[in-house]
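These notes are about the structure you will find just below.
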2 protein chains.
Amino acid sequence: MYGRHEHDSCISDAMVAADDICKARGLRFTELRRHVLELVWENHGAVKAYDLLEKLDKDYSAKPPTVYRALEFLQENGLVHKINSLNAYVGCSHPLKHTDCFFLICSNCNEVQECCGSDVAKAVRNMVAGQGFAHNQTTLEIEGVCQECQLEG
Amino acid sequence: MYGRHEHDSCISDAMVAADDICKARGLRFTELRRHVLELVWENHGAVKAYDLLEKLDKDYSAKPPTVYRALEFLQENGLVHKINSLNAYVGCSHPLKHTDCFFLICSNCNEVQECCGSDVAKAVRNMVAGQGFAHNQTTLEIEGVCQECQLEG
DNA sequence: TTCAAATTGTTATATTATTACAAAAACAAG
DNA sequence: CTTGTTTTTGTAATAATATAACAATTTGAA
């Protein structure tokens, strides 16, 4: 999905954005939280909590709450999203405008692309408003095969 | 969300539809599977697998695989959907046209409404096609408060 | 009636996540 | 600084969700 790219800059962009957000909000972006976010960003796939735990455990004496608490913090601040259909987590690629996002999940390369603020979101809003439903949180996860993987096919 | 209504007819409609589908497809709609579907349909909320298990266990010596296998069968045949954001299951309210469905989930009354084939689905298709993504399975779950609960509120 | 396939029973275990409480670190007020 | 408070982290235990593996049974077809 992302093919070959300078992934280091994905990581560093994400870390800088996280720094900025935490600073702006007066939050403590601790060593541990930073480390978890880096691990989440190791690639563009969704990562399982217990895989994070294993990686963390090399440096920290990590137990499940260690990683779940860090993930909770990161999710609350829009730096990480949970992919419910996979029970796994991805780094947010645009944490400042993370409303109405959805996810394309390639079942071949296992990468996840986050998409924002499109006609889809608008259609959801309209549909839901038509029902008089006050929506709060939307989970939209689209599983399939990305273009790159189709071409390789 | 559904307010007061003749829920018995929801159940019987669902059972009739399930009978028809299984007959048409030459599937075995066994006592157990039927029983699980009835339990799923006890109300319009999403039900947890282990709650089903407890209820089942009164009549059957049910173990987890008992209920998960029945749910698997029902899901495969579009009679039940899993709500990923809740890890819970709902009966499908229109099992014959269960493509491009999504769910409104009221966090007050805990009921779930299934919606089908709307502009939302169309917007998703367009969006996804624009990315060259071949989509296979869509999870769209909208959490909020239904109109009835807002009015009571 | 026998064979093969599908279903169910059963035990065990894997996976995902939370609770509860203690220790430590960070921070703010005096 | 130092005291008290809040936040974060450590740790053990356990809860909640789900699957694997294999045996027994039932079903349906030849």
Side-chain angles (χ1 to χ4, degrees), chain A residues 18-19 21-23 25-40 45-77 79-90 105 110 139 141, chain B residues 18-19 21-40 45-77 79-90 110 139 141:
Chain A
D19 268 328
I21 285 174
C22 291
K23 189 168 291 181
R25 296 182 189 167
L27 302 167
R28 291 200 222 154
F29 194 34
T30 62
E31 178 77 12
L32 176 63
R33 289 165 173 171
R34 168 179 293 275
H35 197 120
V36 171
L37 186 56
E38 281 167 357
L39 291 174
V40 167
V47 61
K48 298 276 187 175
Y50 274 73
D51 291 343
L52 288 175
L53 181 53
E54 250 182 66
K55 290 176 183 175
L56 257 192
D57 200 32
K58 288 172 187 156
D59 305 288
Y60 301 80
S61 75
K63 308 273 180 299
T66 311
V67 67
Y68 281 106
R69 284 195 287 228
L71 286 171
E72 185 183 30
F73 171 87
L74 296 169
Q75 284 177 266
E76 278 169 355
N77 293 292
L79 300 170
V80 157
H81 297 293
K82 179 172 184 181
I83 306 296
N84 285 307
S85 57
L86 300 175
N87 291 327
Y89 305 83
V90 285
I105 303 163
N110 294 313
T139 296
E141 298 165 5
Chain B
D19 268 327
I21 285 173
C22 291
K23 190 168 291 179
R25 298 182 188 166
L27 301 168
R28 291 200 221 156
F29 194 34
T30 62
E31 178 78 12
L32 176 63
R33 289 165 173 174
R34 167 179 293 276
H35 198 120
V36 170
L37 185 57
E38 281 167 356
L39 291 174
V40 168
V47 61
K48 298 277 186 172
Y50 275 72
D51 290 344
L52 289 175
L53 182 53
E54 253 184 64
K55 290 175 182 174
L56 257 191
D57 200 33
K58 288 172 186 157
D59 306 287
Y60 301 79
S61 74
K63 309 272 180 301
T66 312
V67 67
Y68 281 105
R69 284 195 287 228
L71 286 171
E72 184 183 31
F73 171 88
L74 296 168
Q75 286 177 266
E76 277 169 355
N77 292 290
L79 300 169
V80 157
H81 296 294
K82 179 171 186 181
I83 306 295
N84 284 308
S85 56
L86 300 176
N87 291 328
Y89 304 83
V90 286
N110 294 312
T139 296
E141 299 165 4

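A, B, ... follow the sequence lines: proteins, then strands. Residue 1 opens every chain.
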What's the [atom1]-[atom2] distance between [X] and [N], to the nearest Å?
X: B/K63; N: D/dA18; atom1: NZ; atom2: C1'; result: 16 Å
X: B/E76; N: C/dT7; atom1: CD; atom2: C1'; result: 13 Å
X: B/L52; N: D/dT17; atom1: CG; atom2: P; result: 11 Å
X: B/L56; N: C/dT10; atom1: CG; atom2: P; result: 14 Å
X: B/D51; N: D/dA18; atom1: CG; atom2: P; result: 12 Å
X: A/F73; N: C/dA17; atom1: CZ; atom2: P; result: 20 Å
X: A/N84; N: C/dT16; atom1: CG; atom2: P; result: 13 Å
X: A/H35; N: D/dT8; atom1: NE2; atom2: C1'; result: 17 Å

Just to confirm, is there a sub-4.0 Å distance from OP1 or OP2 of [N] to any side-chain nitrogen or oxygen of [X]?
X: B/T30; N: C/dT8; value: yes
X: B/R33; N: C/dT7; value: yes
X: B/Y68; N: D/dT19; value: no
X: B/Y89; N: D/dA18; value: yes
X: B/N87; N: D/dA16; value: no
X: A/K48; N: C/dT16; value: yes

Among residues at least two apart in sequence or on other chains, which ones pass salt bridge (Lys or Arg N to Asp or Glu O under 4.0 Å) with A/D19?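 Scan of A/D19 (salt bridge (Lys or Arg N to Asp or Glu O under 4.0 Å), adjacent residues dropped) gives A/R34.
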
Looking only at the side chain of [X] (C-beta and beyond, no hydrogens), which of the listed nucleotides [options] gets closest?
X: B/K82; options: C/dT8, D/dG10, D/dA18; value: D/dA18
X: B/P65; options: C/dT18, C/dA17, D/dT19; value: D/dT19
X: B/S61; options: D/dT19, C/dA17, C/dG9; value: C/dG9
X: B/P64; options: D/dA18, C/dT10, C/dT18; value: D/dA18
X: A/R28; options: C/dG9, D/dT9, C/dA26; value: C/dA26

Quick check for you: to the nearest 0.5 Å, what is the distance between [X] atom [atom1] and [Y] atom [atom2]?
X: A/I105; Y: A/L86; atom1: CD1; atom2: CG; answer: 4.5 Å
X: B/L71; Y: B/L37; atom1: CG; atom2: CG; answer: 9.5 Å
X: B/N77; Y: B/F29; atom1: CG; atom2: CZ; answer: 9.5 Å

Polar pair under 3.5 Å, donor/acceptor by atom type, side chain A/Y50, base C/dA17: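 Yes.
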
Please figure out whether A/A88 or B/T66 has its closest DNA chain C nucleotide nearer the 5' end.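 That would be B/T66.
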
Check: B/V36 main-chain N/O paired with B/K55 side-chain donor or acceptor under 3.5 Å: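 Judged by distance alone, no pair lies under 3.5 Å.
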
Nearest heavy atoms of A/R28 and A/F73, plus distance in Å: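 Distance-wise, the nearest heavy atoms are O-CZ, 3.8 Å.
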
Contact nearer the 5' end of DNA chain D, comparing B/R69 with A/L32: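 This one resolves to A/L32.
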
